[in-house]
Asker: 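Take a look at the following structure, please.
Labels below follow one simple rule: chain letters A, B, ... track the order of the sequence lines, proteins then strands, and each chain is numbered from 1.
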Amino acid sequence: MSRILCVAEKPSIAKAVAGHLSGGTYQTHNTRETFIKNYVFDYDFGPPWGACSVTMTSVIGHLTGLDVGPELKNWSYPPPERLFDCPVMVNVPNDKKNIAKNIEEQARRASALFIWTDCDREGEHIGGEIRDAAKRGNHRIEVRRARFSNIERVHILNAARNLVNLDERQIEAVNARIELDLRIGYAFTRFLTLNLRNVGPELNDLMISYGSCQFPTLGFVVDRYFRVKNFVPETFWAIKVMYKREKIDVNFHWARHRLFDRHAAVVLYERCIASRHAKVTKTEEKPTKKWKPLPLTTVELQKMATKFLHLTGQEALAVAEKLYNNGFISYPRTETDRFDKAINLQALVQKQIPSEQWGQFAQGLVNGAFRAPRQGRNDDKAHPPIHPITFASPAVLGQNERKVYEFVVRRFLACCSEDAKGVATDVEIAYGDEVFTAHGVIVLERNYLDVYKYENWTGTAILPKFTVGERFEPTEALLVDGKTTPPGYLTEADLIALMDANGIGTDATMAEHIEKIQERQYARAVERGNRGGNEDAPAAPAARGGGRGRGGRGQAGRGGRGGTAGRGGGENRGSGIREFIPTALGVALIQGFDRMSFDMSLGKPFLRKEMELKMKAICEGRADKERVLRQSLLEYRQVYNQSSAELHILKNACRQYVLGHGEAAGGAG
DNA sequence: GCAAGGTC
């Protein structure tokens with residue numbers, strides 16, 4: 001019987017796959033690494049392998065690291081630009097030696113290696129690392145890969161019978177990313193730290209790092225800071241019409257929303273008053289619904305946790321990992337927002353019936369209210385959406401675990417419910433030369449809203465009956481004025497959404513980058529509403545540089561902000577929602593690079609997006625790794641040279657913001 | 001001393 005070595009990306013997958021392939025009977029052997037077990041069993045992989053003796057084990061993420069040699073460990077010599085062309089080498093870090101050794105030893109006794117890493121680019125690369133380790137033990141070992149996107153039994157058995165080859169292109173694409181991130185990160189970090197050190201005592205002992213993810217993350221924070229800072233309130237005028245019928249105040253909204261020209265508004269208003277009567281031109285009553293949420297991804301979990309659970313993204317992820325390790329929820333790092341058909345959702349719903357809080361709701365779903373979840377557009381082909389696995393009694397969970405578990409379960413049950421249903425009424429009237437509308441909703445069935453307490457469907461009222469053609473005299477018609485208000489600083493949910501949209505970091509690392517820019521003292525998190533005076537703002541005597549000067553007209557009507565006067569930060573006082581404000585250093589770095597004559601500033605997200613496109617090109621065979629590397633390093637070296645040549649601009653920005661030495665030469669913007 | 005990406 002031939003021996004087969006199987007290696008997964010993490011211990012939990014090794015155990016799950018071993019369970020499925022062996023039918024639940026395997027021997028467990030400890031290794032030198034506490035978390036890693038070798039599972040031994042027999043399995044028939046079908047032709048050409050036939051019945052085999054299998055050892056299933058795992059790594060714990062990446063097995064190797066890339067680093068520069070000892071001759072480049074000294075920061076003072078050679079200069080940082082050597083990092084663009086010095087040798088780099090792959091090594092197995094000390095904490096991974098035992099894992100690699102286990103694979104080497106097992107490979108010696110095996111004729112084939114089957115790789116069971118996640119079905120994504122990084123997983124393919126980890127597969128390559130596993131292969132290299134196995135080949136060190138047995139250079140003739142045959143290497144195949146299993147492709148699976150969930151750990152349902154049938155799916156795993158199917159993967160075991162349909163092995164493929166490792167995709168070298170994906171491995172090369174990741175190799176390119178690793179090498180670029182290392183060289184560029186090291187080079188610019190040393191450049192910044194060494195060159196800004198002598199600008200002022202404040203910067204003497206700081207580590208000023210650059211990274212392809214941390215800098216764009218900071219860039220978002222700084223960009224919003226300037227939008228708030230440079231916001232110029234504008235006065236607007238609006239016509240408000242109210243009509244009382246059947247004891248209901250019906251508020252009609254002006255179709256023009258608001259005007260920034262007082263004279264024009266007054267003229268239009270006077271025509272309304274002069275006409276005295278309004279005429280109903282359209283009424284419409286139609287069924288409407290509020291959609292249930294999509295299946296839960298990591299990014300969404302973090303956004304919701306920062307909004308509703310009073311946790312940071314990183315805390316939420318750490319708690320979710322603990323819940324996962326205890327078997328309560330599925331793998332928490334996923335981009336997938338659609339459930340695979342193979343997964344038995346009703347059985348998972350059933351497991352929640354014992355809950356005192358949502359058990360009844362789960363019972364209702366089991367009794368017939370169950371509906372298939374919506375299908376999102378994202379599938380990482382590696383993990384299902386986050387969902388509960390077993391019921392966890394609140395007694396066995398800590399406080400934060402309880403909150404996150406509750407959210408995961410409620411979200412899941414909401415996904416398996418019916419949309420909320422209601423009737424929407426719209427009434428349109430003509431008054432003077434103007435058009436006004438009223439909108440009302442009656443909620444008929446709350447459905448998922450009964451379990452998903454993080455959402456509601458209110459703020460809309462029941463409208464009395466109106467008939468087309470009828471005329472009435474409004475109870476109230478006023479010309480009101482107001483001022484546009486600035487947007488708020490970035491919340492963590494905003495920041496995560498921006499990173500997600502711009503491809504900065506991955507679901508697993510976004511929270512780390514947010515943490516990093518605070519650790520580096522580039523930005524600070526402050527509870528919304530607790531921003532006292534100017535003490536949190538950077539020392540920025542002349543912050544004219546960054547965003548757009550006027551927010552009023554251009555932003556009108558978009559999003560929930562920049563709206564009517566009086567809706568500023570006050571409403572959220574003590575909300576527990578944290579927002580990010582750059583420090584003087586953070587502003588200086590982004591502004592400094594922005595003021596240099598680059599086509600693309602290091603603080604903008606485009607460079608990372610470009611890297612992403614290049615990786616894709618390598619994966620699809622349209623580009624070659626070596627050429628991509630050569631080309632990218634050439635570009636970054638030019639950015640580096642230019643940064644050296646224009647270093648005074650960066651230094652001036654630091655003097656301006658950090659030391660408060662007035663507006664620097666070179667100007668703002 | 002420095003990056004970003006896996007995972008515990």
Asker: Do the side-chain N or O atoms of A:T509 get closer than 4.0 angstrom to the phosphate oxygens (OP1, OP2) of B:dG5?
Answerer: yes

Asker: Consider only side-chain N and O atoms of A:T312 and A:E492, and report whether a donor and an acceptor are under 3.5 Å apart.
Answerer: no

Asker: Report yes if at least one side-chain N or O of A:R608 is closer than 4.0 Å to OP1 or OP2 of B:dG5; otherwise report no.
Answerer: yes

Asker: Counting only heavy atoms and a strict 4.0 angstrom limit, can you tell me which residues of residues 166-174 of chain A come near DNA chain B?
Answerer: none

Asker: Take atom CG of A:L63 and atom C1' of B:dA4, then tell me their distance rounded to the nearest Å.
Answerer: 17 Å

Asker: Just compare B:dG5, B:dC2, B:dT7 and give me whichever is closest to any side-chain atom of A:P11.
Answerer: B:dT7

Asker: Output every pair passing salt bridge (Lys or Arg N to Asp or Glu O under 4.0 Å) with a member in residues 606-615 of chain A, not counting sequence neighbours, ordered by first then second residue.
Answerer: A:R121-A:E612, A:D181-A:R608, A:E610-A:K614, A:K614-A:E635

Asker: Going by salt bridge (Lys or Arg N to Asp or Glu O under 4.0 Å), name the residues that satisfy it together with A:R630, two or more places apart in sequence or in a different chain.
Answerer: none

Asker: Using a cut-off of strictly less than 4.0 Å between a heavy atom of the residue and any atom of DNA chain B, enumerate the qualifying residues of residues 112-136 of chain A by number.
Answerer: A:D118, A:E122

Asker: Using a cut-off of strictly less than 4.0 Å, decide whether A:Y331 has a side-chain nitrogen or oxygen near OP1 or OP2 of B:dT7.
Answerer: yes

Asker: Using OP1 and OP2 only, check whether a side-chain N or O of A:T506 sits under 4.0 Å from B:dA4.
Answerer: no

Asker: Between P on B:dA3 and CD on A:E179, what's the gap in Å once rounded to a whole number?
Answerer: 17 Å

Asker: Under 3.5 Å, is there a donor-acceptor pair between the side chain of A:T334 and the main chain of A:T297?
Answerer: no

Asker: Is A:E620 atom CD crowded by more than 12 heavy atoms from other residues, nucleotides or ligands, each under 6.0 Å away?
Answerer: yes

Asker: Can you tell me which nucleotide in B:dT7, B:dG5, B:dA4 comes closest to the side chain of A:S212?
Answerer: B:dA4

Asker: In this structure, how many angstroms lie between the C1' atom of B:dG5 and the CG atom of A:D380, rounded?
Answerer: 15 Å

Asker: Over how many whole Å does the gap from A:H383 atom NE2 to B:dG6 atom C1' extend?
Answerer: 10 Å

Asker: Tell me what A:Y210 touches on the nucleic acid: a base, only sugar-phosphate, or nothing, going by heavy atoms under 4.0 Å.
Answerer: sugar-phosphate

Asker: Classify the ring geometry of A:F328 against A:Y405: parallel below 30°, tilted from 30° to 60°, perpendicular beyond 60°.
Answerer: perpendicular

Asker: Would you please confirm or rule out a distance under 4.0 Å between OP1 or OP2 of B:dG1 and any side-chain N or O of A:T189?
Answerer: no

Asker: Look at A:R520 and B:dA3 and indicate whether a side-chain polar atom (N or O) is within less than 4.0 Å of OP1 or OP2.
Answerer: yes

Asker: Check whether A:H155 reaches the backbone of A:F148 with its side chain - one donor and one acceptor, N or O, closer than 3.5 Å.
Answerer: no

Asker: For B:dG5, does OP1 or OP2 lie under 4.0 Å from any side-chain N or O of A:H513?
Answerer: yes

Asker: Begin from the C-alpha positions of A:V396 and A:E401 and carry the test side-chain contact (heavy atoms from CB on, under 4.5 Å) through to its verdict.
Answerer: CA-CA 9 Å; A:V396 303; A:E401 289 162 48; over 6 Å; no

Asker: Would you kindly compare A:G185 and A:Y324 by the position of their nearest DNA chain B nucleotide and give the one closer to the 5′ end?
Answerer: A:G185

Asker: Considering only residues two or more places apart or on different chains, which pairs with a residue in residues 192-215 of chain A satisfy ring-ring contact (aromatic ring centres under 6.0 Å, His included)?
Answerer: A:F188-A:Y210, A:Y210-A:F215, A:F215-A:F593

Asker: In whole Å, what is the span from the CD atom of A:Q314 to the P atom of B:dA4?
Answerer: 14 Å

Asker: Checking all strands, does A:R183 fall into the base, sugar-phosphate, or nothing category for heavy-atom contacts under 4.0 angstrom?
Answerer: nothing

Asker: Under a 4.0 Å threshold between the charged nitrogen and the carboxylate oxygen, would A:R145 count as salt-bridged to A:E124?
Answerer: yes

Asker: Can you tell me the distance, in whole Å, between the CD1 atom of A:I208 and the C1' atom of B:dA3?
Answerer: 16 Å

Asker: Tell me, with the steps shown, if A:H383 and A:N150 meet side-chain contact (heavy atoms from CB on, under 4.5 Å).
Answerer: CA-CA 6 Å; A:H383 305 286; A:N150 64 65; over 6 Å; no

Asker: Would you classify A:T34 as touching base, sugar-phosphate or nothing, given that sugar-phosphate means primed atoms plus P, OP1 and OP2, and contacts are heavy atoms under 4.0 Å?
Answerer: nothing

Asker: Measure the distance from CD1 on A:I517 to P on B:dA4 and round it to the nearest whole Å.
Answerer: 11 Å

Asker: Heavy atoms under 4.0 Å, any strand shown: does A:Y186 hit a base, just sugar-phosphate, or nothing?
Answerer: base

Asker: Near DNA chain B, which residues from residues 71-100 of chain A have a heavy atom under 4.0 Å away?
Answerer: A:K73, A:W75, A:K96

Asker: So if I take every side-chain heavy atom of A:A508 and compare against B:dA3, B:dG6, B:dG5, which nucleotide ends up nearest?
Answerer: B:dG6

Asker: Aromatic ring centroids of A:Y640 and A:F191 under 6.0 Å?
Answerer: yes

Asker: How long is the line joining CZ of A:R190 and P of B:dC2, in whole Å?
Answerer: 10 Å

Asker: What about the rings of A:H387 and A:F339, do their centers lie closer together than 6.0 Å?
Answerer: yes

